[in-house]
Structures are given as C-alpha cells and as structure tokens.
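Residue numbers run from 1 in the order of the sequence given. Scope of the values below: all heavy atoms of this structure, side chains included, with no hydrogens, waters or symmetry mates.
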Amino acid sequence: MVGGWALDLWHGNQTRGHEDLEFAILPESAHEFRATLSELVFFTVHSGVIKPLPGTSAPPPHISQLWGLDSRSACWRVDMMLERGTPSTWIYKRDTAIQMARSEVVRSSKTGIPYLAPAAVLLFKAKHLREKDEADFARALPRLERSDRDMLRYWLDLSHPDHPWLKSL
C-alpha cells in the first residue's frame, strides 16, 4: 500500500476517508495485477492526461501510474503506481538519486499487509501540499521515529529544499 492507506496501516487504524485503493508494483507485474483486477477498466495517467489502456497492452515505458475504473459504479477503484526500482531497490520516481533498500522502505502491518514507510509516503505527498496531505503530515509528525524524520528531512532537502515541512522536522 502507498499514499494515505499506507499511513493508516502504519497508524494502525483508518484516520480519514479514501477515494480509492493505492498500491505500488514493479512494471513487469502490471499484466498480472490487471488480470487479477479484470473487472476494472484501466487507464494510463501521465502529466494530467488520462488515456484508456487496451485489454492486455503493456503500459508504455514513460507511464508510472494506472487507474482502475469500476464502470458499473462509475468510480475509480485503484490507483496502481508503477515503480521503476528492482525487487531489492526502491527508487523515488521524481528523483532517481533517492534510493533505498526495498527491505527498509517497505514495512508490514500487524496483519501482514505491506506498506510504504511513512517517510517515503510523506515525500510523495510533499509535492502538492493538498489539504489531505497537510493533515496526513500533521497526524504523522508526532509519531515519526527519529530515523524516519531524518530520512524525510534529507529527502526534502534534496527534492524540495524550501519545503515548509522542513521547519517542523
């Protein structure tokens, strides 16, 4: 899990409403996940443009996000992130200099659900500073371990050097 759901798994409870289910996979697994979620119609998302992804077509190499539409209910159900890392290395899609061992950046809930570490989730959320992202940061900040705070501060210094969250960290 990634995004707000990942933070909720880390918190141990749902802290707010979510529009869809967000998760990350390696691009080579896209076909398998689409087959599992075959009741959904998939679309590529890139630079604000949403385009249908036909049947069994592989996403183009520049695509890093797929949305799954439940056409019966006319709503988006999944937001599938295609990560460019490897099975052993996580790479931040907006700055490939930011990398970490996948075993350190992916954690597991008490029930065994894998989720992205809070520092990495907040790094993604730092770009837009939407109301829900600000609320997620405010809720997470008091619980962040020192190592997660240091990691997030370092990553923000690299990717968003004037970010307002830096003062709080």
What pair of heavy atoms forms the shortest contact from [X] to [Y], and how long is it?
| X | Y | result |
| --- | --- | --- |
| Pro87 | Leu26 | N-CD1, 3.7 Å |
| Leu141 | Ser168 | CD2-CB, 3.7 Å |
| Ser159 | Leu123 | OG-CD1, 3.5 Å |
| Ala24 | Val2 | CB-CG1, 3.8 Å |
| Arg139 | His11 | O-CE1, 3.6 Å |
| His160 | Ala126 | CD2-CB, 4.1 Å |

Legend entry - For Glu104, salt bridge (charged side-chain N to carboxylate O under 4.0 Å, His left out) partners two or more places apart: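 Glu104 satisfies salt bridge (charged side-chain N to carboxylate O under 4.0 Å, His left out) with no residue once adjacent residues are dropped.
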Inset, instruction - Could you verify whether a donor N or O on one side chain and an acceptor N or O on the other, from Asp8 and His18, lie under 3.5 Å apart? - result: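 Yes.
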Under a 4.5 Å cut-off applied to non-hydrogen side-chain atoms, are [X] and [Y] in contact?
| X | Y | result |
| --- | --- | --- |
| Ile113 | Ser108 | no |
| Phe23 | Val78 | yes |
| Leu129 | Pro164 | yes |

Legend entry - Other cluster members, Ile91 - Ile/Leu/Val/Met/Phe/Trp/Tyr, side-chain contacts below 4.5 Å: none
Inset, instruction - Dump the intermediate steps for salt bridge (Lys or Arg N to Asp or Glu O under 4.0 Å) on Glu19 and Lys132, then the final yes or no. - result: CA-CA 12 Å; Glu19 296 87 36; Lys132 67 181 180 179; 3.1 Å; yes
Kindly write out the residues that satisfy side-chain contact (heavy atoms from CB on, under 4.5 Å) with [X], not counting sequence neighbours, or none if the list is empty.
| X | value |
| --- | --- |
| Asp20 | Glu22, Asp79 |
| Ala117 | Val105, Arg107 |
| Ser147 | Glu145 |

Approximate separation, where rounding is to 0.5 Å, of [X] [atom1] and [Y] [atom2]:
| X | Y | atom1 | atom2 | result |
| --- | --- | --- | --- | --- |
| Leu122 | Asp148 | CG | CG | 9.0 Å |
| Gln65 | Glu83 | CD | CD | 12.0 Å |
| Trp5 | Thr15 | CH2 | OG1 | 9.0 Å |
| Leu116 | Arg102 | CG | CZ | 9.0 Å |
| Met1 | Met81 | CE | CE | 10.5 Å |
| His62 | Arg84 | NE2 | CZ | 9.5 Å |

Is there a path of hydrophobic side-chain contacts, each under 4.5 Å between heavy atoms of I/L/V/M/F/W/Y residues, joining [Y] to [X]?
| X | Y | answer |
| --- | --- | --- |
| Leu158 | Trp90 | yes |
| Trp67 | Ile25 | no |
| Phe124 | Ile98 | yes |
| Phe33 | Leu82 | yes |

Partners passing ring-ring contact (aromatic ring centres under 6.0 Å, His included) against [X] (at least two apart in sequence or in another chain):
| X | value |
| --- | --- |
| His31 | none |
| Phe137 | Trp165 |
| Tyr115 | none |

Cut-off 3.5 Å, no hydrogens considered: what does the side-chain donor-acceptor table look like for residues 34-41, sequence neighbours left out?
from  : atom 1 : to    : atom 2 : distance (Å)
Arg34 : NH1    : Gly55 : O      : 3.3
Arg34 : NH1    : Ser57 : O      : 2.6
Arg34 : NH2    : Leu53 : O      : 3.1
Arg34 : NH2    : Pro54 : O      : 3.4
Arg34 : NH2    : Gly55 : O      : 2.5
Thr36 : OG1    : Glu32 : O      : 3.1

Legend entry - Residue pairs fulfilling salt bridge (Lys or Arg N to Asp or Glu O under 4.0 Å) with at least one residue in residues 111-130, sequence neighbours excluded: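 Matches after skipping sequence neighbours: Lys125-Asp133, Lys125-Asp136, Arg130-Asp133.
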Inset, instruction - Please list all pairs passing the salt bridge (Lys or Arg N to Asp or Glu O under 4.0 Å) test where one or both residues lie in residues 52-70, with sequence neighbours left out. - result: Asp70-Arg77
Side-chain donor-acceptor contacts of residues 42-52 below 3.5 Å, not counting sequence neighbours, with atom names and distances?
from  : atom 1 : to    : atom 2 : distance (Å)
Thr44 : OG1    : Lys51 : O      : 3.4

Legend entry - Check: Ser88 main-chain N/O paired with Thr86 side-chain donor or acceptor under 3.5 Å: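 Yes.
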Legend entry - Ser71 (side chain) donor-acceptor with Ala74 (main chain) under 3.5 angstrom: no
Inset, instruction - Please step through side-chain contact (heavy atoms from CB on, under 4.5 Å) for the pair Met100 and Trp155, ending with a clear verdict. - result: CA-CA 11 Å; Met100 189 173 199; Trp155 289 341; 4.0 Å; yes
